[in-house]
Each structure stands twice: as C-alpha cells, then as structure tokens.
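Below, each value reflects all heavy atoms present in this structure, side chains not excepted, and no hydrogens, waters or symmetry copies. Residue numbering restarts at 1 for every chain, and letters A, B, ... go by the order of the sequence lines.
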There are 2 protein chains.
Amino acid sequence: MNNPKKQQIVSTARDLFWKFGFRRVSIEEICREANVSKMTFYKHFKNKDELVKYIIDFITGIAMKKYREIMDSDIPFTEKVEKSIQLKMESSNDMSQEFFDDFHKNASPELHDHFNKLVHANLNTIQNDYIKAQKQGDVRPDINPNFILYYLDKMLEMAKDENLMRLYKSPPDLINELTRFFFYGILSRKT
Amino acid sequence: MNNPKKQQIVSTARDLFWKFGFRRVSIEEICREANVSKMTFYKHFKNKDELVKYIIDFITGIAMKKYREIMDSDIPFTEKVEKSIQLKMESSNDMSQEFFDDFHKNASPELHDHFNKLVHANLNTIQNDYIKAQKQGDVRPDINPNFILYYLDKMLEMAKDENLMRLYKSPPDLINELTRFFFYGILSRKT
DNA sequence: GTAAAATAATACAAATATCGTATAAAATTA
DNA sequence: TAATTTTATACGATATTTGTATTATTTTAC
C-alpha cells in the first residue's frame, strides 16, 4: 500500500495503461519507466493481470466511495441524484477508452470475469439505492429499476454526443437538461 | 497510390500509429482494422518499416509542399516568414508524440537513418531559403543561419509552453509576440 | 458469360518479444 | 555489521508477430 516502489509501479502503469491500454504495455516497460527492477515488480504483483486488477479496483473504489458519501448524506433525494450524475460524468472524463477496450477485447477470461463482477456489484449497489428510494416514495412506483440503470448509462452517452451538445451553450447546460428530463420527463407539473 | 486497398491500409495505419506509435501496432492489427488480408498488405509494402516510411514521407511531403508554395509566392519576406511559422505551428499540432518517439527509441537503424535524412533534407531546404534571404538583404548579415534553424525549433517549444501561454490572451497572441521578437528583437526601431 | 487478376482465408515455420524465475552482486535499512 | 531490500543479469518457457505458401473466393475487364 504505502510502499514507495509499489506506488511507483502503480503510478507508472496507470499512465501507460491510460495511454495505450494494458495489452500494449509490457511488464518490463513498466519497470523501466518506473525505475524498478523486474524482481521488485514480481515481489508486489503475481503478474500483469493482478496489477490491472489492483488499478481498476483502486479507481472504482474511489469512485464508489464518493458515490456512497453522496447517497448517505443528509440532503434531498433529487440532490443526491444530481450529485451522483455529476460524479458519473466527471469519473468518465477521467477514464481512458483504450484501457477499458482492453477489458472487452484483450483480457484473459479471469480478468474479464473480475471486471464484469466489479461492474455488476457496483451497478447492484446503485440499483438497490433506487429500489430503496422507490419504497420510500421518492421514485415513481411503476418504473422498472433496471430501466433506470440502463438509462443512466444512456445519459452518459448522450452527454458525450457532439451533435446533441451543439444545441446547448455549455456541457453543464446539457447535463442539466438531461437531469431535469430524468426527473420530470416532458410533461409540465400539474398540481 | 490510388489503389483503394492501399489507401485503407495507410489510413488505418496512420490512425493507429498516431495513437500508439508504430512499435505497439502489429501488421495483422492494421489488416484487421482496415479489412484487408495480410497478403494484400505484403503486396503493397515489403514490411512495417516501408509502411512507416511511406506515411512519414507522405506527411512531410505535404507540409514541405505547402512551405514551398509560401516561399515561392510573390509576397514580402516578412509575410513569408509569418506564414511559414504559422504552418509549422499547425503541422506540429497535427503530429503525434507517440509516433515520433518511436523513431528515436524503437526504430530500426535503417528507419532511424531514413528519418534523420528526411529531417536533415527539410531543414537544409529551410536553411537555404534563409541564406538566400540573407544575400538579398532581407536578413541581418551578421547572424548565423544555423542559429535561425535552431531558434525556429525553440519557437515551437515556447509556443507550446503552458507557463508562457498564461501571459497571453490567446495562442495567436503568443505566436505574434514570438514572431515579432523573431523579426525585431527587443529594441525599438530607430530611423 | 468467361478468363484473368486481385483479394481473402488459412496454415505454418522462423524470428522476435515477453514472461516468470533463479542467482549473485549491490544498495539500503535497522 | 547483519538483515533486508533492490538491482542486474541470464535464462528457458510461452506467446506474439512476421513473412510466405497454398488454395478458395471475389472482383474486374472483356
């Protein structure tokens, strides 16, 4: 954890993985760039897969911790959702397409599995929050929580769509529109 | 040249090389992405080095053609320099660091040599233009043309320096400053 | 339509790169 | 100084990539 050599390895690997994905980066290259011998690498990680796991767990761990803080805070439900959407947008900006492509295209079965389980667990956490909100009356009772999960991903896609973006002054404007639509749909509020 | 399959190969390779450099990209990967069989690749290129040469020659060829057009046009010398500096800035934005890093770190001796000769030839062309301008009285006679070449590279470095950029409203403002400095130094013009 | 040419699909040996481990020397730490 | 960590190097075992050969398929030109 706090071992400086291990940190160098992780930090260097992260940089290289973010640029090129993990398939294109060799262990020796990481060691060279991190000024660490290969033996030291193998002291800390069994192989490249374990390093990739470590990094992905670390990254998603931070994001999920932030998410939990939002959901456990004492603010109205709508604010929680707004903040969690905001977090999702920020986190995805911080991600590298090359890195995540490798999980689908070039990962070992074990790594692929680990990745899927992680994603699934996190989606589950989020889904449970929405189910809970539904029980507490914050979310319309006749909507499928699975659809909400699906739609949150679609929102990210839409937020990154350049053609859609052209209709708005700035990215936050588009995110606001998406968020309001997520809350209220298109109909005006009748009292 | 106008063979569509060859164009697909070149275009796909360019995209991949720009992202990852050429060391990290295999011929099979290029073929796969370009929807071209490996045999077709080897019909057009002897090996990866020849493809890299082709691309680098193509890219620099376009840039040098534009440069020549500027220098052969019927405009004042200062305007030629301004435009050529502009061109240099634009071209460098279009370049990928990963791709050029490979020439220095991961190229075969032959490829490395080809690259150096190309760079040298182009620098020579530019130097000759400045020597000619010096003879025609457009450039101060007591300046070393080699210094000018060196300095043009430094200008690019300065134009991309974020710390320096902070002093200006916009990139063109900085480029203007650099260009004026290149022309006049710091002293006010005495008549 | 057919013949010729180009391209694709597949398999393969050879070359190259990467992995993971063993060993001994050097550097660091306590 | 002794114990521990790190490096340097070498190495066989795998894995990947290369370049070619062969055969089937598609495209092109007539």
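- Look at CZ on B:R32: it is 11 Å from P on D:dT18, rounded to the nearest Å.
- Of the side-chain N and O atoms in B:S26, none sit less than 4.0 angstrom from OP1 or OP2 of D:dT16.
- Residue-level contact check: A:K48 touches the backbone only, with heavy atoms under 4.0 Å from sugar-phosphate atoms and none from bases.
- In the model, A:D138 has no side-chain atom that pairs as donor or acceptor with a side-chain atom of A:Y130 under 3.5 Å.
- A:Y42 has its OH atom 5 Å from the C1' atom of C:dG20, to the nearest Å.
- The residue among A:E28 and A:S37 whose nearest nucleotide of DNA chain D is located toward the 5' end is A:S37.
- As rounded to whole Å, 8 Å separates atom P of D:dT7 from atom CG of A:N35.
- Taking the side chain of B:M39 as heavy atoms from C-beta on, and the options C:dA8, C:dT7, C:dT23, the nearest nucleotide is C:dA8.
- Counting only heavy atoms from C-beta on, B:K38 has its side chain closest to D:dG19 among D:dT7, D:dG19, D:dT22.
- Between A:Q7 atom CD and A:T12 atom OG1 the span is 11.0 Å, to the nearest 0.5 Å.
- C:dC19 atom P lies 15 Å from atom NZ of A:K46, rounded to whole Å.
- For A:T40, taking side-chain heavy atoms from C-beta onward, the closest of the listed nucleotides C:dG20, C:dT7, D:dT6 is D:dT6.
- Within 6.0 Å of atom NZ in A:K160, more than 12 heavy atoms from other residues, nucleotides or ligands are found, so the atom counts as buried in its surroundings.
- DNA chain C is contacted by both A:E29 and B:V36; B:V36 maps to the nucleotide lying nearer its 5′ end (nearest heavy atom per residue).
- Nearest nucleotide to the side chain of A:K5, out of D:dG19, D:dT7, C:dA9: D:dT7.
- Remark: P of C:dT18 and CG of A:L51 are 16 Å apart, rounded to the nearest angstrom.
- For the atom pair OG (A:S96) and CZ (A:F22), the distance works out to 10.5 Å, reported to the nearest 0.5 Å.
- When the P atom of D:dT16 is taken as reference, atom CZ of A:R24 falls 14 Å away, rounded to whole Å.
- Side-chain proximity of A:R23 to the nucleotides C:dT7, D:dT17, C:dC19 is greatest for D:dT17.
- Distance CG (B:N3) to C1' (D:dT28): 13 Å, rounded to an integer number of Å.
- Within a 6.0 Å sphere centred on CZ of B:F100, other residues, nucleotides and ligands contribute more than 12 heavy atoms.
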